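Quick notes on the structure that follows.
On a predicted model such as this, the values are computed, not experimentally measured, just so you know. In what follows, chains carry the letters A, B, and so on, assigned in the order in which the sequence lines appear, proteins first and then strands, with residues in each chain numbered from 1.
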Amino acid sequence: MTQQEYVNTNFIEDIIIEDRESGKHPSIHTRFPPEPNGYLHIGHAKSICLNFGLAQKYNGLCNLRMDDTNPSKEDEEYVQSIINDIKWLGFDWDERFFFASDYFEELYKYACQLIEKGLAYVCELTPEEVRKSRGTLTESGTNSPFRNRTAQENLAIFHRMRAGEYPEGSKTLRVKIDMTSPNINMRDPIIYRISYATHHKTGNTWCIYPMYDYAHCISDALEHITHSICTLEFEDHRPLYDWFVNQFTDLPKPRQIEFARLNITYTVMSKRKLLELVKGNYVNGWDDPRMPTLCGMRRRGYTPQAIRNFAAQIGVAKFNGISDLELLEHFVREDLNKKATRVNVVLNPLKVTIENFPEDEVLWLDAENNPEDETAGIRQIPFSKHILIEQDDFSENPPPKYFRLSPSKEIRLKHAFYITCKEVIKNSDNTVVEVICTYDPESKGGWAKDGRKVLGTSHWVSEKEAIPIEVRQYTKLFLDKEPENVVPGTDYKDGINKDSLAIMNNALAEPSVAKAAAGQAFQFLRQGYYVADIDTTESKPIFNLTVKLKDGWTKKK
RNA sequence: UGCCCCAUAGUCUAAUGGUAGGACAACUGCCUCUGGAGCAGCUGGUUGAGGUUCGAAUCCUUGUGGGGCAGCCA
């Protein structure tokens with residue numbers, strides 16, 4: 001945790017600081033409570049960094065708790081991926097790994113207490129009837145005809161609900177608050193429903209399951225959470241959260257605080273839409289490098305440090321805004337610039353023949369691995385008569401301010417020699433197929449003896465030693481800056497970028513690249529940051545574009 | 001036409017009644033064996049109207065705009 005990650009305080013920290021100084025909470029305790037019904041995404045990362053980060057900064061603790069109160073949606077597969085992703089991000093919960101389902105027995109006990117106090121009742125209205133009697137946003141609801149059963153009767157039926165004597169949907173346990181409340185969450189909310197779905201953790205032990213509003217706050221209290229941080233849509237639930245917590249004198253009273261969830265330009269963040277992209281094969285799985293999931297970003301080559309720095313920079317507030325994707329990419333570049341090994345890779349090769357270089361000679365030249373990190377050392381790259389450069393690095397009729405190779409112009413080959421273009425060979429289509437150059441033997445290593453300068457430096461590979469690699473060029477998955485904000489009548493999927501993945505099969509890399517390990521970060525010189533894909537092998541190296549280098553030239557054009 | 005919340009440069013965010021600042025983006029130079037990185041500079045902001053105050057981005061009233069809420073989801 002670097003210091004720069006926390007330069008400013010946000011409104012939640014202000015509350016924490018106040019609670020420490022007043023003695024209300026000498027130490028703080030937060031939690032990250034995902035529902036194991038999907039993969040974590042960058043939006044969750046904001047919450048993870050917030051909750052775990054707050055605990056670190058203020059010498060508190062942060063628990064990991066699976067919010068698994070709905071067996072029909074949750075699965076062990078997601079539990080594992082969540083654990084994996086949080087660890088990858090760099091956070092740890094020690095032994096404090098819990099499930100809401102750990103508390104089912106206690107939750108049941110507290111529900112019985114509510115019944116005994118006359119504050120909860122078994123309701124037999126159908127879902128449709130419940131909906132109707134709840135009222136609307138502008139009209140108050142009406143009391144359930146089952147509202148005035150005796151505590152004794154309610155308790156007996158509730159026990160039988162647990163015993164599995166009633167079909168799904170036939171009965172619920174409701175809390176007795178106020179059907180006329182302007183806050184719909186307070187209109188006798190359901191706290192238990194019957195479900196015979198198998199729970200990923202408790203199997204078929206239970207057939208009644210607590211609802212979020214009831215289970216979450218009590219779970220927080222049982223874990224002695226001091227600050228229960230959630231997103232804005234739960235704001236209206238806070239009165240209910242407080243209501244429950246205040247019914248039980250033996251429980252501590254955690255405080256719910258809401259903050260704005262993360263939105264990023266050119267990105268969809270809802271679990272439903274991400275699932276749709278996967279199921280509809282718009283992407284190749286949850287870990288597709290175009291996905292904003294943490295596993296997708298990992299495969300894309302984004303680093304945990306970059307994501308953490310991003311989370312720190314965007315801050316925490318109650319304003320529901322949309323952050324620029326460019327900011328995230330900035331932190332990815334910043335981190336990778338320090339870490340990535342530089343290599344020569346030519347994506348679209350153009351043959352260059354050095355006419356004054358001996359036919360069979362191979363010269364091994366020194367190349368630095370990372371100019372930003374001296375400890376990264378050097379490697380050797382082969383130079384020969386037949387090399388390849390990027391097609392974009394040659395122009396027969398160059399535009400003004402073109403620094404690259406063109407007829408009679410001289411450039412430098414990175415770490416190698418100065419070369420001068422002597423002749424252009426074209427095929428019948430009039431496309432350039434080869435460039436004949438001469439090299440200056442006195443410029444070995446990239447410096448001319450006489451001190452003359454060249455404007456451009458190109459990356460290159462030696463034809464014979466080069467290895468073919470597959471390069472997956474990823475760009476934005478959505479064309480629209482705000483893909484979730486579509487005009488009525490159209491679908492966000494209409495905005496999918498059909499060209500978000502381009503597979504480059506002609507790419508050639510310097511030989512050192514063959515040894516790349518999956519997940520290893522590279523900078524393909526002058527092009528971008530790339531990561532060896534998890535499918536990479538020595539016989540078929542595969543790389544994903546993480547993010548392009550900033551490019552002042554194409555911007556100028 | 002109910003209830004709750006929000007409003008500071010293009011974007012995100014600080015300023016806690018006392019000089020409106022940072023990051024990204026953009027732009028202009030410098031530098032450079034990556035048109036990368038780095039360095040320097042510059043442009044640009046308090047939603048409108050009232051009020052309180054010596055002084056308001058901040059407090060109050062009100063308008064406007066935006067978001068959320070009617071699952072036996074979380």
May I ask you to say what [X] touches in the nucleic acid, namely base, sugar-phosphate or nothing, with a heavy-atom cut-off under 4.0 Å?
X	value
A/Lys171	nothing
A/Arg412	base
A/Asp14	base
A/His459	nothing
A/Val454	nothing
A/Pro371	base
A/Gly169	base
A/Thr126	base
A/Thr136	base

The single option from A/Asp551, A/Asp392, A/Asp393 passing salt bridge (Lys or Arg N to Asp or Glu O under 4.0 Å) against A/Arg526: A/Asp393
Centroid-centroid under 6.0 Å between A/Tyr241 and A/Phe234 rings: no
Aromatic ring proximity, centroids under 6.0 angstrom, A/Tyr439 and A/Phe417: yes
Protein-to-nucleotide contact annotation, 5' to 3' order, nucleotides 37-47 of chain B [B base; S sugar-phosphate only; - none; under 4.0 Å, heavy atom]: S----------
Nucleotides 5-10 of chain B: protein proximity per nucleotide (B base, S sugar-phosphate only, - neither; heavy atom, under 4.0 Å): SSS--B
B/U64 versus B/U53 - spacing of their P atoms, nearest Å: 28 Å
Polar pair under 3.5 Å, donor/acceptor by atom type, side chain A/Gln523, base B/U34: yes
OP1 or OP2 of B/U32 under 4.0 Å from side-chain N/O of A/Thr457: no
Residue mapping more 5' on RNA chain B - nearest nucleotide basis, A/Ile322 or A/Tyr192: A/Ile322
Is [X] salt-bridged to [Y], cutoff N-O under 4.0 Å?
X	Y	value
A/Lys318	A/Glu235	yes
A/Arg404	A/Glu390	no
A/Arg131	A/Glu128	yes
A/Arg65	A/Asp220	yes

Flag side-chain contact, heavy atom, 4.5 Å: A/Leu525 against A/Glu510: no
Aromatic ring pairing A/His159/A/Tyr108, orientation class (parallel under 30°, perpendicular over 60°, tilted between): tilted
